[in-house]
K.L.:
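Here it is: the structure, laid out below.
In this text the structure is predicted, and so the values were computed from the model without any measurement.
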Amino acid sequence: MPDLSQIVKAYDVRGVVPDQWDEGLAELFGAAFATVAGADAIVVGHDMRPSSPGLSRAFARGAAARGADVTEIGLCSTDQLYFASGRLDLPGAMFTASHNPARYNGIKMCRAGAAPVGQDTGLAEIRALVEKWAESGAPGPVEKPGTIGRRDVLEDYAAHLRSLVDLTAIRPLKVVVDAGNGMGGHTVPTVLKGLPIELDAMYFELDGTFPNHEANPLDPANIVDLQARVRETGADIGLAFDGDADRCFVVDERGEPVSPSAITALVAARELAKAPGSAVIHNCITSWSVPEVVKEAGGTPVRTRVGHSFIKTEMARTGAIFGGEHSAHYYFRDFWNADTGMLAALHVLAALGGQQGTLSELVAQYDRYAASGEINSTVDDQAGRAAAVRAAYAGREGLELDELDGLTVTAPGEWWFNLRPSNTEPLLRLNVEARDAETVARVRDEVLAIVRG
């Protein structure tokens with residue numbers, strides 16, 4: 001029997017194909033998903049990885065065998081799948097391994113209306129059924145199997161995004177987009193069509209082997225080409241999408257990366273202008289600038305754990321207008337509380353094109369602190385090393401400690417750090433922010449000395 005503990009993660013399914021899972025297992029996941037979701041119909045999409053069409057079709061067969069009518073939307077970004085789930089009010093499954101290397105693939109699942117599926121919201125039940133059926137044999141077909149049909153939703157997806165951001169009056173912009181051979185190459189041309197934008201397209205060819213660089217803009221090495229192109233061409237802005245195009249990273253006119261926290265603050269201010277007094281969700285490693293800007297704009301900041309299922313749950317609970325994470329996931333109430341990097345990109349383009357200044361000048365008001373970025377340390381004992389850090393700071397006067405997500409230590413008004421374990425690897429992840437770079441370096445080195453000691 002396959003070891004599902006290696007591929008069923010906190011929020012999705014992800015592993016090496018065919019070493020850890022294959023089309024036979026995908027078919028069982030389809031049957032289990034249809035059973036747990038209790039759905040008469042589902043929607044399924046996939047990215048450009050070589051294994052994606054076969055896995056997606058096997059999943060569809062499994063779901064149809066359990067009586068669900070399956071709508072295949074074919075090649076799509078993850079947020080395009082969320083759009084289909086929301087617009088059609090159907091549970092959905094997206095075949096992608098996002099930014100992972102080519103040999104990986106996975107499934108991101110959601111309930112109707114793009115509601116999240118995580119360990120506590122159905123994924124554990126799906127895993128249990130797959131394990132049972134893998135060991136004892138798949139269940140027989142139901143009395144009335146479902147059908148499998150196709151539908152193209154790309155134009156509808158683009159039209160919905162464009163309806164949420166007013167781009168009619170923006171000035172002409174030169175925009176470089178690095179799709180990383182991922183699904184941004186599929187969605188960006190349709191979404192930006194007809195706008196006063198000179199599009200410089202980099203690596204738009206859909207190629208799941210990622211011949212140019214990994215489709216993970218969070219790694220600075222993967223935006224070097226974008227930065228160089230922006231500088232060489234004098235572009236106004238650069239955008240980089242990850243493999244499934246649900247995250248968007250921004251580079252200013254100097255080729256310098258713009259902090260996702262600054263983008264979160266910028267978009268939050270714009271969304272609050274539409275819905276004054278609303279809540280805005282941010283996770284515990286976004287910059288202090290985010291809750292500051294939210295309050296200045298008349299909103300209510302709500303702090304939560306890192307991870308899309310936590311953000312989406314808080315979005316639903318509070319009725320928040322918007323949510324952002326420092327990983328460049330951006331969530332919108334008008335997009336079924338789901339994350340869409342494309343919609344965030346449209347907001348940035350609207351803000352930039354709606355005034356005459358440069359992007360660096362525009363975002364300066366939202367980028368107020370120095371930060372370390374995320375620093376990973378491989379450790380043998382996550383809990384033990386984290387406990388050592390907690391013990392080192394627990395008795396210090398003037399510090400505040402909380403454990404909403406890992407350990408956050410705050411010197412009010414001066415600095416903070418968050419140390420949290422990875423759910424899938426033997427890592428501790430450290431983020432530090434302070435009023436100046438010297439303090440960031442001091443706090444960073446002090447914490448790392450304990451973590452790695």
K.L.:
Let me confirm one number: the CD-CG distance from Q227 to D252, rounded to the nearest 0.5 Å.
P.N.:
9.5 Å

K.L.:
Check the pair V8 / Q119 against side chain to side chain contact (heavy atoms under 4.5 Å, CB included), numbers first and verdict last.
P.N.:
CA-CA 9 Å; V8 179; Q119 283 292 341; 3.8 Å; yes

K.L.:
Taking everything shown except R151 itself, do over 12 heavy atoms lie less than 6.0 Å from its CZ?
P.N.:
no

K.L.:
Could you tell me the separation between the CG atom of L266 and the OG atom of S259, rounded to the nearest 0.5 Å?
P.N.:
11.5 Å

K.L.:
Does the gap between the ring centers of F59 and F33 come in under 6.0 Å?
P.N.:
yes

K.L.:
Is R333 salt-bridged to E271, going by a charged N under 4.0 Å from an acidic O?
P.N.:
no

K.L.:
Compute whether any side-chain donor of one residue and acceptor of the other, for R303 and N283, lie under 3.5 angstrom apart.
P.N.:
no

K.L.:
Less than 4.5 Å apart, any side-chain heavy atom of V175 and any of L239?
P.N.:
yes

K.L.:
Do H326 and T286 get their side chains close enough for a donor-acceptor pair, meaning under 3.5 Å?
P.N.:
no

K.L.:
Would you say the side-chain atoms of R111 pair up with the backbone N or O of T121, donor to acceptor, closer than 3.5 Å?
P.N.:
yes

K.L.:
Which pair of non-hydrogen atoms, one from G185 and one from P189, has the smallest distance, and what is that distance?
P.N.:
O-CD, 3.6 Å

K.L.:
So, D22 side chain and L25 main chain: donor-acceptor pair closer than 3.5 Å or not?
P.N.:
yes

K.L.:
CG/L28 to CD/E23 distance, rounded to the nearest 0.5 angstrom?
P.N.:
12.5 Å

K.L.:
If you apply the rule side chain to side chain contact (heavy atoms under 4.5 Å, CB included), what do you find for L164 with H347, and how did you get there?
P.N.:
CA-CA 9 Å; L164 300 177; H347 272 286; 5.9 Å; no

K.L.:
How about D178 and H213: does a side-chain donor come under 3.5 Å of a side-chain acceptor?
P.N.:
yes

K.L.:
Does the side chain of S377 come under 3.5 Å of the side chain of R452 through a donor N or O and an acceptor N or O?
P.N.:
yes

K.L.:
Is there side-chain contact between S98 and T78, with heavy atoms separated by less than 4.5 Å?
P.N.:
no

K.L.:
Could you report the tightest heavy-atom contact between A32 and L129, atom names first, then the distance?
P.N.:
CB-CB, 3.9 Å

K.L.:
At what distance, to the nearest 0.5 angstrom, does CG of D246 lie from OG of S77?
P.N.:
8.0 Å

K.L.:
Any side-chain donor paired with an acceptor under 3.5 Å for S327 and R247?
P.N.:
no

K.L.:
Can you give each donor-acceptor pair under 3.5 Å made by side-chain atoms of residues 61-70, sequence neighbours left out, with the distance rounded to 0.1 Å?
P.N.:
{"unit_1": "R66", "atom_1": "NH1", "unit_2": "G140", "atom_2": "O", "d": "3.0"}
{"unit_1": "D69", "atom_1": "OD1", "unit_2": "T147", "atom_2": "N", "d": "2.8"}
{"unit_1": "D69", "atom_1": "OD1", "unit_2": "T147", "atom_2": "OG1", "d": "3.1"}

K.L.:
For the residue pair R444 and V432, what are the closest heavy atoms and their distance?
P.N.:
CA-CG2, 4.0 Å

K.L.:
Which donor-acceptor pairs under 3.5 Å do the side chains of residues 190-200 make with protein atoms, sequence neighbours left out?
P.N.:
{"unit_1": "K193", "atom_1": "NZ", "unit_2": "E155", "atom_2": "OE2", "d": "3.4"}
{"unit_1": "D200", "atom_1": "OD1", "unit_2": "R229", "atom_2": "NH1", "d": "2.6"}
{"unit_1": "D200", "atom_1": "OD2", "unit_2": "R229", "atom_2": "NH1", "d": "3.2"}

K.L.:
Would you check if V153 and Q80 make a side-chain contact, meaning some heavy-atom pair closer than 4.5 Å?
P.N.:
yes

K.L.:
Can you tell me how far apart NE2 (H329) and OG1 (T264) are? Round to the nearest 0.5 Å.
P.N.:
11.5 Å

K.L.:
Under 4.0 Å between a Lys/Arg side-chain N and an Asp/Glu carboxylate O for K174 and E253?
P.N.:
no

K.L.:
Sub-3.5 Å donor-acceptor pair from the side chain of R385 to the main-chain atoms of V379, do we have one?
P.N.:
no

K.L.:
So does D380 have more than 12 non-hydrogen atoms from other groups sitting under 6.0 Å from CG?
P.N.:
no

K.L.:
Between R305 and E403, is the salt bridge (charged side-chain N to carboxylate O under 4.0 Å, His left out) condition met? List the steps.
P.N.:
CA-CA 10 Å; R305 295 179 63 183; E403 295 177 280; over 6 Å; no

K.L.:
Is there a donor-acceptor contact under 3.5 Å from the side chain of S136 to the main chain of K132?
P.N.:
yes

K.L.:
Do R429 and L419 touch side chain to side chain, with heavy atoms closer than 4.5 Å?
P.N.:
no

K.L.:
Among side-chain atoms of E314 and T304, is any donor-acceptor pair under 3.5 angstrom?
P.N.:
no

K.L.:
For a quick check under 3.5 Å, do R49 and N105 share a side-chain donor-acceptor pair by atom type?
P.N.:
no

K.L.:
What do you reckon, is CG of D120 surrounded by more than 12 foreign heavy atoms closer than 6.0 Å?
P.N.:
no

K.L.:
Compare every heavy atom of V176 with every heavy atom of A235, then report the nearest pair and how far apart it is.
P.N.:
CB-CG2, 3.6 Å

K.L.:
Could you tell me whether a side-chain N or O of S278 sits under 3.5 Å from a main-chain N or O of G319, the two making a donor and an acceptor?
P.N.:
no

K.L.:
For F322 and F332, take the angle between the two ring planes, folded into 0 to 90°, and tell me which bin it lands in: parallel under 30, tilted 30 to 60, perpendicular over 60.
P.N.:
tilted

K.L.:
Side chain of R231, backbone of R254: donor and acceptor closer than 3.5 Å?
P.N.:
yes

K.L.:
What are the two closest non-hydrogen atoms of V188 and F241, and how far apart are they?
P.N.:
CG2-CE1, 3.7 Å

K.L.:
Does D152 reach the main-chain N or O of L154 with its side chain, forming a donor-acceptor pair under 3.5 Å?
P.N.:
yes

K.L.:
Would you call the rings of W21 and F95 parallel, tilted or perpendicular, taking 30° and 60° as the class edges?
P.N.:
parallel

K.L.:
State yes or no: are the ring centers of H160 and W336 separated by less than 6.0 Å?
P.N.:
yes

K.L.:
Begin with the C-alpha distance, continue with both residues' side-chain angles, and end with the deciding distance and a verdict on side chain to side chain contact (heavy atoms under 4.5 Å, CB included) for S85 and L88.
P.N.:
CA-CA 5 Å; S85 173; L88 302 176; over 6 Å; no

K.L.:
Above 12 or not: heavy atoms from other molecules or residues under 6.0 Å from CG of D381?
P.N.:
yes

K.L.:
Answer yes or no: is there a side-chain heavy-atom contact under 4.5 Å between V43 and I73?
P.N.:
yes

K.L.:
For A60, does its backbone N or O pair with a side-chain atom of E72 as donor and acceptor, under 3.5 Å?
P.N.:
no

K.L.:
Ignoring hydrogens and geometry beyond distance, is a side-chain donor-acceptor pair present between T340 and D79 at under 3.5 Å?
P.N.:
yes

K.L.:
Decide yes or no for F83 and L81: does some side-chain heavy atom of the first lie under 4.5 Å from some side-chain heavy atom of the second?
P.N.:
no

K.L.:
How many angstroms lie between atom CE of M183 and atom CG of L75, to the nearest 0.5 angstrom?
P.N.:
4.5 Å

K.L.:
Under the side chain to side chain donor-acceptor pair (under 3.5 Å) rule, collect the residues that match up with H46, sequence neighbours excluded.
P.N.:
none

K.L.:
Can N212 and N181 be counted as having a side-chain donor-acceptor contact under 3.5 angstrom?
P.N.:
yes

K.L.:
Side chain to side chain contact (heavy atoms under 4.5 Å, CB included) between L161 and F335: does it pass, once the steps are laid out?
P.N.:
CA-CA 8 Å; L161 294 182; F335 200 76; 3.7 Å; yes

K.L.:
Does M342 reach the side chain of T187, with side-chain heavy atoms less than 4.5 Å apart?
P.N.:
yes

K.L.:
For a quick test of reading the model, state the closest non-hydrogen atom pair linking A338 to Y82 and the distance between them.
P.N.:
CB-CD1, 3.8 Å

K.L.:
Taking the side chain as every heavy atom from C-beta outward, state whether Y330 and V267 have any atom pair closer than 4.5 Å.
P.N.:
no

K.L.:
Hey, are D339 and K312 close enough for a salt bridge, meaning a charged N less than 4.0 Å from a carboxylate O?
P.N.:
yes

K.L.:
Looking just at side-chain N and O atoms, do E325 and Y331 make a donor-acceptor pair shorter than 3.5 Å?
P.N.:
yes

